Every structure is written in C-alpha cells, then in structure tokens.
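The structure appears below as structure tokens.
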Protein chains: 2
Amino acid sequence: MAIRLTDVANEAGVSLATASRVLNGSARKPAAEISDKVRAAAEKLGYFPNAQAQALARASTKLIGLVVRDIADPYFSTIARGVQRGLGDSGTQLLLASTDSEPEREIEAVRAFMSQRTDAIILSGSRGQSEDDGLLKLIENYQENGGQVVVIGQPLASTGGIQVDNETTSENLAGELIRAGHRKFVVLAGDENLLTSRHRAQGFLSKLKRTGLAAVDVFHGAFSREGAYMAMSDYLRVRKPEEADQQVCVFCVSDVMALGAIRAVRESGLRVPEDIAVVGFDDIPTLEDVTPSISTARLPLEEIGRWAGEMVLSHGDARKMVVTGTPVLRDSSRLHSDNR
Amino acid sequence: MAIRLTDVANEAGVSLATASRVLNGSARKPAAEISDKVRAAAEKLGYFPNAQAQALARASTKLIGLVVRDIADPYFSTIARGVQRGLGDSGTQLLLASTDSEPEREIEAVRAFMSQRTDAIILSGSRGQSEDDGLLKLIENYQENGGQVVVIGQPLASTGGIQVDNETTSENLAGELIRAGHRKFVVLAGDENLLTSRHRAQGFLSKLKRTGLAAVDVFHGAFSREGAYMAMSDYLRVRKPEEADQQVCVFCVSDVMALGAIRAVRESGLRVPEDIAVVGFDDIPTLEDVTPSISTARLPLEEIGRWAGEMVLSHGDARKMVVTGTPVLRDSSRLHSDNR
DNA sequence: CTGTTAGCGCCTTCAG
DNA sequence: CTGAAGGCGCTAACAG
C-alpha cells in the first residue's frame with residue numbers, strides 16, 4: 001500500500017541500497033547528483049520510511065516508554081512534559097501508559113513496552129511497597145536484553161533514576177513548620193502501601209517526634225484528591241471540641257491531596273489557614289492559581305522529567321541522582337497566633 | 001539477543017508456525033497439549049513477541065498517535081486521559097507528541113506517526129487559521145494509505161472527529177452573562193491565528209452586538225496563561241478612570257487564560273469578581289480548586305478524549321460529532337450590583 | 001561509490 | 001492439525 005523504499009529506488013533508477021543510504025543517516029554518502037535524484041523521487045512519491053522495518057533491520061526502535069499513574073494529574077503531566085523536553089529533537093518517540101494505580105496495569109504497560117522493544121522505560125508510577133515481584137522480574141529481563149530503565153521517585157536496586165529523598169524533604173518541611181510556630185499537627189498519610197506516601201509521612205512524623213512534639217493524628221486513605229477529601233472529612237468529624245480552639249496544621253503527602261483537604265475544610269465552613277493550616281508536597285503548577293497560596297515542599301517536577309529523558313538519551317550508565325525538595329511556606333500555613 | 005519465537009518453538013519441539021498459532025490469536029487452534037507445551041516454553045524462556053516484526057508481517061501496528069499542544073496543560077492532559085480510557089484494554093498503544101504551539105512541530109509529529117505506521121492519529125493541537133497546507137497534504141497522504149484521522153476541536157474536511165462548536169457555545173455563554181445582568185465586557189481573545197481562539201471570541205462578540213451592547217475592548221495575545229496575564233495587565237494599565245467605577249466582565253477564551261487574567265487582576269490590587277468579573281472556557285479540572293469558583297463554558301473534556309479513542313477503535317467510518325459547551329456561571333462572574 | 005544479497009522476527013498461505 | 005517456505009520493508013555486510 002504505502003510507498004516503499006524499493007519504489008523510490010526504482011523511480012530514481014538506483015539500487016535499494018543506494019536509496020537507503022541517501023535517505024537515512026548512513027556513513028557512506030552517495031554522490032550528490034544521485035542523492036538529489038533519490039530525494040526528489042522520495043519527495044515525489046511521498047515516501048515515509050517504515051519505522052517497524054527499520055527497527056527490525058537495525059536493532060533499535062527509537063521508542064521509549066513512560067508509565068505514569070494518571071496523565072491528568074498535574075504531577076505526572078508536568079513530569080511527562082519534562083521527559084518530552086528532555087528527549088528534545090532526538091527523534092525518539094514517546095509511548096505513554098497510565099496505570100490508574102493498579103499494579104497489574106503497570107505490569108501490563110511494561111510488558112507492552114517490552115514487546116515494542118522500547119529502548120528505555122521510564123517508570124514514574126506506583127512503586128508499591130512490596131516491590132511487586134512480578135515487576136522486578138520483568139524489569140530484570142528487560143535489562144538483560146539491553147533495555148534501559150529509569151525510575152522516578154523510589155529507587156530500584158538495579159536501575160538508574162532520579163530518586164526523590166522524600167523522607168529528608170518531609171523532615172525539613174516539618175522543621176520549617178515548627179520553626180514558624182506550629183505545634184499541633186495532623187498527617188493525611190495517603191496510601192500506606194505506596195512507598196512515596198509512606199516515606200513522606202514517616203519523615204514528617206519522625207521529625208516531630210525528635211522535636212518532642214505531642215502525638216498527632218494520622219489518617220490513611222487513597223493517595224488522591226478524593227482520598228484526602230474523605231480523610232479530612234473524617235478528621236473534622238471526629239476531632240474533639242477542644243481541638244477546635246487551636247489552629248492545627250494538616251500535612252498532606254501531596255499537593256493534590258492538599259487540594260482535596262482544603263475543599264473538605266471549606267465545605268465544613270472552616271477557613272484555611274485561620275482554623276486549619278494545610279500543607280502539601282510537590283509544588284505542582286496548579287498551586288500558582290490557588291488561594292490561599294499553598295505551602296509545600298518544592299520538587300523540580302519538569303526538570304526531573306527532563307533529566308530522565310536526557311538520561312535515557314545518553315544511553316549511558318544507569319546513573320542515579322537524588323533530589324531533595326525545598327520547603328516553601330506560603331499562606332496556607334500562616335500561623336494564626338491570635339487563636340484560642 | 002531477546003528470545004525469539006523460533007527459540008520457543010525449538011524449546012517446545014514444534015514448528016515456528018505452530019508456536020505462532022498458539023501464542024497469538026490465530027483462527028486455527030492447535031491441540032491443547034501442544035498449546036500447553038508452547039506456552040510453557042514461552043513462559044520459561046521469557047518470550048515477548050516482537051511488536052515490530054508482527055507489525056511488519058501483519059499490516060497493522062496497534063499504535064495510535066496523539067498530538068497535543070502541551071501535555072502539561074490540563075485541557076490536553078484531561079483529553080489525553082480520556083483517549084487512554086477510550087482505548088481501554090484494546091491493546092492499542094499510545095504515542096504522544098507535543099507541539100509547543102509550533103506548526104512545524106505538529107507536522108514533525110504527524111510525519112513521525114506516519115513513519116510509525118500508527119493505525120490512527122488524533123489531532124488535538126493547534127489547528128491554525130490557514131489550515132497549513134503542508135499538514136493537509138500529509139494527512140491526505142496518510143488517509144490514502146489507510147490511516148485514520150480524528151480531529152478534536154476544529155473539524156477538518158476529510159476527517160472524522162469531535163468538533164466543538166465554539167461559536168455557539170460562546171454565544172450562549174455571552175447570553176447567560178447578559179441575562180445575569182452584565183453589560184460591560186472585555187474580551188481577551190488570545191491568538192487570532194488559532195481557529196479555536198477566533199471562534200470563541202467571535203461568537204461572544206456577535207452575541208453582544210446582536211444584543212445591542214456597547215462596544216467592548218478586545219485584546220489579543222498568546223493563547224496561554226502568560227498571554228492572558230499580559231493582556232489583562234495591558235487592559236488594566238490603559239483603562240480609563242471612569243471605567244473603574246463599573247464592574248466589567250472579562251471573557252477569556254480559555255480557562256487557562258482566565259487563570260492568568262485573574263492573577264493579573266489580583267496583582268493590581270483589584271478583586272474578582274467585585275471589581276472585575278472573569279469568565280473562562282473549557283471547565284478544566286483545575287477550576288475545582290480555585291477561588292473564587294470560575295464561570296466558564298463546560299466542555300466534557302475527558303469524554304471528548306474517550307470518544308476520540310473509541311472512534312479510533314471502531315475503525316469505522318470517519319464519524320463526526322459536534323459538541324456544544326454548557327455555560328456555567330459561578331462566583332467569578334457574580335454581579336456586583338451595589339457598584340453604582 | 002554502487003549494487004547484490006542475506007537476514008531481522010513473525011505471519012500466513014500452501015502442502016503434507 | 002502441523003510443518004515448510006515466501007514475504008513484510010529495510011539495513012548492512014560483502015562484492016564488483
């Protein structure tokens with residue numbers, strides 16, 4: 001159906017090999033005159049190289065796979081944009097898969113990418129707590145066959161990646177909040193089966209403990225806007241009357257959760273931050289448009305994606321890098337001193 | 001390097017053809033015993049079909065391409081999620097490309113997808129005003145070779161797609177605002193070279209005119225948050241003192257622009273909506289978290305994406321459908337009656 | 001410098 | 001029902 005290289009070669013009156021050489025970056029450069037003829041023929045016929053055939057003949061597809069949990073989540077879409085930027089004009093194409101937080105879908109995605117023989121896979125999704133054995137085996141298999149794996153977030157033993165030091169970041173964030181005067185905390189810890197979620201909560205709590213602060217409430221739930229909305233609603237429902245007297249600072253393990261929490265606070269008729277201070281984690285772009293401005297731990301999301309993309313291109317050593325977030329206190333954690 | 005079907009066949013002691021038949025959905029089903037042996041061998045060896053080879057031998061890659069302007073923009077990421085949902089578990093893989101609003105990058109993306117022999121291409125990006133001749137020719141070429149094209153937003157003569165009736169939607173939105181009592185309008189019309197931008201502004205303006213409302217100011221600029229921020233800043237700088245007395249309603253041709261506009265209003269010390277009402281278009285998910293809640297014309301973004309995905313799967317007729325947005329007045333356009 | 005010729009991994013008639 | 005063989009479109013030695 002489509003025009004083949006053979007057709008172009010015939011049209012130009014040269015051999016297949018010659019046509020191939022001029023149309024693709026071969027080391028050997030045919031004569032200028034011939035080249036022009038071939039290019040003209042290709043143009044005239046509307047020739048498009050068949051990437052599949054090329055991939056088969058060479059040994060590399062110029063394909064890389066990116067798996068995220070939900071592409072509509074600003075956290076992931078920002079990373080995705082970064083990856084694309086990182087890939088730049090290398091001619092590498094991006095295959096995208098979303099897992100919807102279901103481990104099996106992550107495995108499916110990786111299998112699909114393996115079948116596509118992607119040169120690399122960037123995992124930015126749901127690193128579960130128990131390092132799904134199945135996934136690990138798959139990845140190992142993939143690597144043995146020359147596949148490159150870059151993990152964003154949690155580190156994975158055998159792979160390269162951009163690790164986020166969630167624990168330290170949370171500790172620092174807690175430190176800043178304490179320094180700002182907060183003394184009473186609640187943690188919306190998200191899904192305890194997700195490493196990211198766990199580490200962020202743990203870091204925060206351990207800092208509190210080390211500082212000798214009173215016990216706080218910890219709520220679990222889905223690592224999502226809805227999850228936080230419900231967790232916060234639960235908290236508001238059960239909190240004791242005397243708690244209402246003093247401003248409490250609620251740490252959510254992600255900005256998206258903070259957004260859900262704020263919604264719940266507002267619906268209950270309370271104010272942020274006067275009645276309840278809310279703090280997030282990530283610094284997703286959305287925060288720019290939210291009032292009050294939300295305190296968070298800033299992660300260079302787009303750059304992280306870009307680094308991942310560049311890492312993939314450099315095709316090199318499975319380099320590892322560690323990123324620690326920066327606490328950014330904004331209005332949502334303003335201390336309400338005159339409360340009681 | 002990787003395990004081939006041949007290896008599996010050998011391991012199982014059967015022929016290549018047989019192995020192929022059991023491992024892939026062939027019409028002819030080998031004996032159960034044989035099948036099990038083959039499957040066991042495949043499992044043991046860690047076999048993954050080579051999608052490229054399959055694509056070459058069959059005549060279809062199970063690949064579809066999606067081109068957006070910016071995957072980090074909630075409008076596009078929501079559509080992207082919809083597309084993925086629409087594709088469901090059909091086994092189709094999604095290739096993603098972002099154009100950054102540059103027409104040439106859109107063309108590059110389409111060329112790349114054509115090379116990848118994607119079964120279909122969903123265009124959700126920058127339909128320029130002058131229907132870039134290059135793009136049209138490419139698309140035509142693609143279709144002649146059996147490629148399916150689905151366009152989201154602007155309709156394209158020869159292709160199917162989900163058309164958004166921007167003009168009518170804007171008219172309706174204007175109607176609602178007028179009914180709500182607004183009389184003084186400003187339009188941040190975005191990029192006049194983008195059809196989407198144009199139609200939205202035109203619809204709005206024509207409705208105003210038809211209603212006999214006084215002339216309003218129209219500002220052009222980039223079809224983006226920054227563009228709107230600057231346009232709004234310009235407006236605030238040049239508006240006449242007497243205008244400041246009466247609440248004005250600023251219609252932005254997209255929610256993302258509305259967000260930028262609101263930022264500008266706030267930075268100038270004014271309030272939304274008391275001093276300046278702001279209205280957007282699209283109803284991106286982000287709006288859920290913004291205060292005041294933003295009035296807009298609701299488009300079922302995720303569903304639009306889903307429809308596009310399903311359309312692609314049904315492989316059918318290049319169906320066309322038209323979507324008209326629904327005006328949703330929220331707080332950002334509340335009338336400030338007591339302002340003389 | 002150009003052309004010829006094996007494959008790359010898999011599917012699919014066509015025989016057996 | 002199973003096996004053998006040609007071909008999908010292109011690349012990369014190897015000759016000429």
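Because the structure is predicted, anything quoted here is derived from the model rather than measured. Just so you know, these numbers use all the heavy atoms, side chains as well, and skip hydrogens, waters and symmetry mates. Within every chain, numbering begins at 1; the chains are lettered A, B, ... in the order of the sequence lines, protein sequences first and strands thereafter.
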Report summary line: Rounded to whole Å, the CG-P distance (A/Asp7 to D/dG9) equals 9 Å
Report summary line: Scanning both residues in full, the closest heavy-atom pair of B/Thr118 with B/Thr61 reads CA-OG1, 3.8 Å
Query raised in the report: Between C/dC11, D/dC10, C/dG9, which nucleotide gets closest to the side-chain atoms of A/Tyr47?
Result: D/dC10
Query raised in the report: How many Å lie between CZ on A/Arg58 and P on D/dT11, as a whole number?
Result: 5 Å
Query raised in the report: A/Gln148 versus A/Asp119: any side-chain heavy-atom pair under 4.5 Å?
Result: no
Report task. Using modelled atom types only, decide if a donor and an acceptor are shared between the side chain of A/Asp191 and the backbone of A/Asn193 within a distance under 3.5 Å. Result -> yes
Requested in this report: Ignoring hydrogens and angles, tell me if any N or O in the side chain of B/Asp100 forms a donor-acceptor pair with the backbone of B/Glu102 under 3.5 Å.
Outcome: no
Query raised in the report: Salt-bridged, A/Glu310 to A/Arg306, with N to O below 4.0 Å?
Result: yes
Query raised in the report: Closer than 4.0 Å, any side-chain N/O of B/Ser20 to the OP1 or OP2 of C/dC11?
Result: yes
Requested in this report: Answer yes if the side chains of B/Tyr75 and B/Ser124 hold a donor-acceptor pair under 3.5 Å, and no otherwise.
Outcome: no
**Report entry** Spacing between B/Gln52 atom CD and C/dC10 atom C1', to the nearest angstrom
**Finding:** 12 Å
Requested in this report: Starting at atom CG of B/Leu56, determine the distance to atom P of C/dT12, rounded to an integer number of angstrom.
Outcome: 12 Å
Query raised in the report: For A/Leu23 and D/dA12, what is the distance between atoms CG and C1' respectively, to the nearest whole Å?
Result: 16 Å
Report task. Using the closest heavy atom to pick a nucleotide of DNA chain C for each, name whichever of A/Ala53 or B/Gln54 lands nearer the 5' end. Result -> A/Ala53
Requested in this report: Scan side-chain atoms only and decide if A/Ser158 and A/Gln143 contain a donor-acceptor pair under the 3.5 Å cut-off.
Outcome: yes
Query - Whole-Å gap separating P (D/dC8) and CG (A/Leu5) - result: 14 Å
Query raised in the report: Whole-Å distance between D/dC10 P and A/Lys62 NZ?
Result: 18 Å
Query raised in the report: How many Å lie between CG on B/Asn50 and P on D/dC8, as a whole number?
Result: 18 Å
Short N/O separations, protein against nucleotides 3-7 of chain D, under 3.5 angstrom:
from  : atom 1 : to      : atom 2 : distance (Å)
D/dG3 : OP2    : B/Ser15 : N      : 3.0
D/dG3 : OP2    : B/Ser15 : OG     : 3.2
D/dG3 : OP2    : B/Thr18 : OG1    : 2.8
D/dG3 : N7     : B/Arg21 : NH2    : 2.9
D/dG3 : O6     : B/Arg21 : NH1    : 3.4
D/dG3 : O6     : B/Arg21 : NH2    : 3.4

